[in-house]
Amino acid sequence: MTQAATDPAGGSGSTPQEPPEDQPTFYAHVIVTAFASAVFALVWFVGYQLVDALIWDNDVVASNGWIVPLIILSFSLAVGLGIRYLDAPTSISGSPLDEMTGDPSHIEWRRLPLTVLQ
């Protein structure tokens with residue numbers, strides 16, 4: 001008489017499970033999600049490059065060095081006002097590592113556009 005193999009934790013041996021029958025649709029979802037992520041990243045990088053060139057690569061900023069702190073302070077003020085009055089999400093009270101390893105169930109997805117702008 002043969003007995004089922006047991007693992008050190010005391011449970012019964014695991015039997016190989018059959019793959020789910022809807023696996024081709026799962027792969028389609030993965031491909032669509034990857035494509036959507038790639039398109040979003042491309043749009044983000046192109047937009048970032050355009051705004052960066054618009055702000056920093058012009059004659060006014062190049063000829064007047066005092067405008068650089070003015071631009072930086074205005075962006076800092078906009079972020080601070082967004083945190084204070086628009087309840088923008090922030091990692092000031094914790095660390096970015098805490099944000100990445102924390103529980104994702106409390107994420108408020110409605111605030112995502114404000115997070116992206118910040």
Evaluate the criterion side-chain contact (heavy atoms from CB on, under 4.5 Å) for residue pair Phe75 and Ile55; output intermediate values, then yes/no. CA-CA 12 Å; Phe75 280 119; Ile55 292 174; 3.7 Å; yes
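- Rounding to the nearest 0.5 Å places CH2 of Trp56 at 10.0 Å from CD1 of Ile67.
- Taken together through direct or relayed side-chain contacts under 4.5 Å among Ile, Leu, Val, Met, Phe, Trp and Tyr, Leu73 and Leu81 form parts of separate hydrophobic clusters.
- Counting heavy-atom neighbours within 6.0 Å of Asn64 CG, excluding the residue itself, gives a total above 12.
- Connection of Leu70 to Ile72 is established within a shared hydrophobic cluster, with ILVMFWY side chains joined at heavy-atom distances below 4.5 Å, either directly or through further cluster members.
- Residue Phe45 holds its CZ atom at 9.5 Å from CZ of Phe40, rounded to the nearest 0.5 Å.
- Note that OG of Ser37 is 12.5 Å distant from CG of Leu42, once rounded to the nearest 0.5 Å.
- Shown here for Asn58 and Val61, the closest heavy-atom pair between the two residues is OD1-N, 3.0 Å.
- Hydrophobic clustering (ILVMFWY, side-chain heavy atoms < 4.5 Å, transitive): Val60 and Val68 are in one cluster.
- Under the 4.5 Å side-chain heavy-atom criterion for Ile, Leu, Val, Met, Phe, Trp and Tyr, Ile71 and Trp66 are members of the same hydrophobic cluster.
- In this structure, Leu54 CG and Gln49 CD are separated by 12.5 Å, a value rounded to the nearest 0.5 Å.
- Leu50 and Val43 fall into different hydrophobic clusters, where Ile, Leu, Val, Met, Phe, Trp and Tyr are joined by side-chain heavy atoms under 4.5 Å apart, directly or via other members.
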